[in-house]
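Index from 1, following the sequence. Both backbone and side-chain heavy atoms feed into the values below; hydrogens, waters and symmetry mates do not.
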Amino acid sequence: MALPLPLPPMSYLPPLGQEGEEALGRRVAVPWRGEVRVGVVVGEGGRPSHALRHAIAYLDGAPYLRAEEVLFLEEAARYLFAPLGQVLADFLPPFPELRHRVRLYPGADPKVLPKGLEGLTAWQEAKGFDPKLLDFLREAGVLEEEVAFKEGKRVLLPLKEAHPDPALDGVLQTLKAMGQAESLAALARAAGVGVARVKRLLQEGYIGYGEPLPPSPSGEPLEPLLLPERPERLNGGRFLERMRLLAGLVAEGDHLVLFPEVSLLERFLQHFPQARPYHGGLSPKEREALFRNPKGLVFATYGGLLLPFTPRSLVVVEEGSESYKLSSGSRAFVPPLAEMRARLLGIPLTFLSLVPAVEVLERPGLTFPVPKPRLFLIDLKRERGHPLTGRALALLRQVEEKGRQAVVLSPRLGYSALLLCADCGYKPTCPDCALPLRYHKEAKALLCHQCGHREAPPALCPVCGSPLLEPRGPGLEWLWEELRKATALPLYRYTKEAKDDLSPLLAGEPGVVVGTTALLRAPVLPELALVLLPYADGFLYDADFRAAERYHRLLWALTELRPGRRPLLALQTYTPDHPAHLALLEGSVEAFPWAEKALREVLDYPPKVRMVKLEVAHRLEARALEAAFALVEALKGVAKEGEVLGPAPAPLPRVKGQYVFHLLLKGTTERLGELLSRLDRRRFKLDPDPHRFVGLLED
């Protein structure tokens, strides 16, 4: 039995009186550490033992997960080098709340009850009793228990077409028009009658209680774009063309389509009214209902991989998106698991994206022509003006004159990346992180964006006393300030933390939105004419080998901020000849990924081999370094040349008061498993498919 916790499966005896029943895949309540937990049976067999405890009760009449899902969990746990329980916790929807009642077994001597538990001679809610005392009685074999999931909210639904009494029929027709009602009183108010009439309809069976209905489908379906053969990857084309290609792939039968984030899922959903959404933004009841009965076309985020059904095909949309990376738990990257799931189910898999990820390039597929982007490169080595050059200001004036809309993208929040003394080079640094403090002018504060440390900016340089503390590296506040001087257009902000009301822009009024990459998930601006990156290199220079690929994907995503049109993409950059820029000038979505793949093969980097990251951290640098070298020592004589890189300080060597060191292991999944088996897993944190190397791995 696997609990949704970072633990391997544990053995229990079947619930008393239910021995011999089929158990695989059923949810079961078990005693665990003095309380009752819900897990899933992932295996059966073995010898009974008096040391094992009995499970309390099965919570499903039929399997909740099939054997196919259990096999996937086992394979995913091996691939991720994670306990099966952790993978289960990552991909299962939340369980409904439990109803737990207890009492002393009839015929048992009440004298066995400790003082204060006399009420247990009759059924009582377990919540009011000390879990340790209940566990004591459970171990003694005198505690009877009833465990079940609480029923969710039920609503009134019409059960018949008409009622012979016109007065009552009016109430029934009102309910049919509403679809459902929250209560008898709510239906009475809507129909303008007394509650007595509604009760009569309920008593006569014309209406009844049932599960809430899913939202009615809406949106306009697209004409499918059918292909003679199903490719393993589809790239390029316009946004609507890719949606038409998806419509062709899922035209008939059951299909599962995975999306990296809810915003993109909902954008596609507008043209697929027949699709059923499944994601974390839905209520637990809605997710549970679909999980118990998955069928048809399902649009899901990563949790959809565990849905207990066998679709005709699986489609992964934008497989290179970093949003597929789980930031905690097993830290899985979802696309490889989708490939595993499709292989185990024996169904075809298609990757559908504008730009192919390096990992899927060699798959047979089709790349459709894309409209050549309108790209304008502004060389910061030659142009004057900071943070907005003269050419950038001229472009903004054109937007203003024509009454259009613009987006200005910033790589960071705050006013600037740092404050710098012009005389001695001093820069305020976080006391807990090896990172310059970000200057926030509006808040009159220096902030660390890693640990949250905050302090007031100094009036003078604390080293040399110079008043020449200058901001460097434009942030969102600085750009906002400069834009207020440069244009009379209304300004709006759009970040993950703060979103202005964009209703005037959505109505077609002119304006400028200043924001972060959260703008990629914003509503489409109908009159967007300019996308400006005042410091494009701020998105490019990141401390990992996927940074350039991520930047290339971002640039192409920006070309589709206004589907159907081609807003001008203006980049202020110190590297106008970067391969990512040349790929856009060429109008090729594949040129850069192929070049990047060739470079990684020379370096023996993914996708040529797998890579895992081991992270050790300690408040004392010497202790952290000692722990890192201990890992290397444990692999001596086992690891071959080139399989171990490091240890080395992390790109950000001190975070939240801890010194961080990384060790990278390279090889096949099987070989990595061999190497990891030589190490004490309590001594480090593991990232099975690293996509970022800055910051601490979350627990």
Side-chain angles (χ1 to χ4, degrees), residues 322 325 327-328 387 409-422 424-458 461-464 468-479 495-497 516-518 534-548 550-551 574 613-625 627-628 646-664 685 687 690-699:
E322 258 198 322
K325 178 71 174 175
S327 60
S328 59
L409 205 63
S410 170
R412 60 179 62 91
L413 296 170
Y415 190 83
S416 67
L418 52 86
L419 286 180
L420 188 69
C421 178
C424 71
Y426 164 81
K427 56 186 177 185
T429 304
C430 176
D432 296 319
C433 305
L435 194 69
L437 292 170
R438 300 280 175 88
Y439 177 42
H440 287 248
K441 191 174 181 180
E442 288 185 1
K444 297 180 181 179
L446 294 171
L447 297 178
C448 176
H449 289 185
Q450 282 289 332
C451 70
H453 173 80
R454 182 187 186 106
E455 62 183 61
C461 174
V463 175
C464 68
L468 301 178
L469 284 169
E470 300 175 350
R472 298 291 177 90
L476 189 143
E477 289 179 13
W478 194 345
L479 294 173
T495 67
K496 182 180 178 180
E497 295 76 16
T516 58
T517 51
Y535 183 47
D537 299 345
F539 295 98
L540 174 59
Y541 295 117
D542 209 345
D544 68 79
F545 65 91
R546 287 190 171 90
R550 191 160 49 241
Y551 175 65
Y574 288 101
K613 180 179 75 175
L614 280 56
E615 177 185 283
V616 294
H618 199 279
R619 292 194 172 275
L620 298 177
E621 185 176 15
R623 294 284 298 275
L625 188 58
L652 196 58
R654 190 163 180 250
V655 184
K656 299 180 181 178
Q658 299 200 70
Y659 291 90
V660 187
F661 287 86
H662 287 164
L663 200 70
L664 302 178
K685 292 181 180 178
D687 189 341
H691 277 64
R692 292 277 183 174
F693 289 79
V694 174
L696 286 168
L697 292 177
E698 297 180 22
D699 291 323

Inset, instruction - State, to 0.1 Å, how close Val694 and Pro651 come at their nearest heavy-atom pair, and which atoms those are. - result: CG2-CB, 4.1 Å
Legend entry - Straight-line distance of His691 NE2 to Lys325 NZ, nearest 0.5 Å: 6.5 Å
Inset, instruction - Rounded to the nearest 0.5 Å, what's the gap from CZ on Phe693 to CG on Asp687? Could you check? - result: 7.5 Å
Inset, instruction - Please check if the side chain of Glu442 supplies one atom and the backbone of Glu477 the other of a donor-acceptor pair under 3.5 Å. - result: no
Inset, instruction - Check whether any side-chain heavy atom of Pro462 lies under 4.5 Å from a side-chain heavy atom of Tyr426, and answer yes or no. - result: yes
Inset, instruction - Take the angle between the ring planes of Trp478 and Tyr415 and call it parallel below 30°, perpendicular above 60°, tilted in between. - result: parallel
Inset, instruction - Could you list the residues that satisfy side-chain contact (heavy atoms from CB on, under 4.5 Å) with Pro649, not counting sequence neighbours? - result: Pro653, Phe661
Legend entry - Taking every non-hydrogen atom, the tightest pair across Leu435 and Thr429: O-CG2, 3.3 Å
Legend entry - Taking every non-hydrogen atom, the tightest pair across Phe539 and Thr517: CE2-CG2, 3.8 Å
Legend entry - Pair Lys427-Leu420, side chain to side chain contact (heavy atoms under 4.5 Å, CB included): steps then yes or no: CA-CA 5 Å; Lys427 56 186 177 185; Leu420 188 69; 4.1 Å; yes
Legend entry - Separation of Ser416 OG from Leu479 CG (nearest 0.5 Å): 11.0 Å
Inset, instruction - Working to the nearest 0.5 Å, report the span between CZ of Arg619 and CD of Gln658. - result: 5.5 Å
Inset, instruction - Indicate yes or no: does Arg654 engage Glu621 in a salt bridge with an N to O separation below 4.0 Å. - result: no
Inset, instruction - Considering non-hydrogen atoms only, spot the tightest contact between Leu409 and Pro534 and give its length. - result: O-CD, 3.3 Å
Validation: residues 448-458 side-chain donor-acceptor distances under 3.5 Å, sequence neighbours left out:
unit_1, atom_1, unit_2, atom_2, d
His449, ND1, Arg438, NH1, 3.3
His449, NE2, His440, NE2, 2.9
His453, NE2, Glu455, OE1, 2.8

Inset, instruction - Over all heavy atoms of both residues, which pair between Lys613 and Arg692 is shortest? Give the atoms and the distance, please. - result: NZ-O, 3.0 Å
Legend entry - Nearest atoms (heavy-atom pairs only) where Ala617 meets Leu696: CB-CD2, 4.0 Å
Inset, instruction - Mark yes or no for whether Asp544, through its side chain, and Ala547, through its backbone, hold a donor-acceptor pair below 3.5 Å. - result: yes
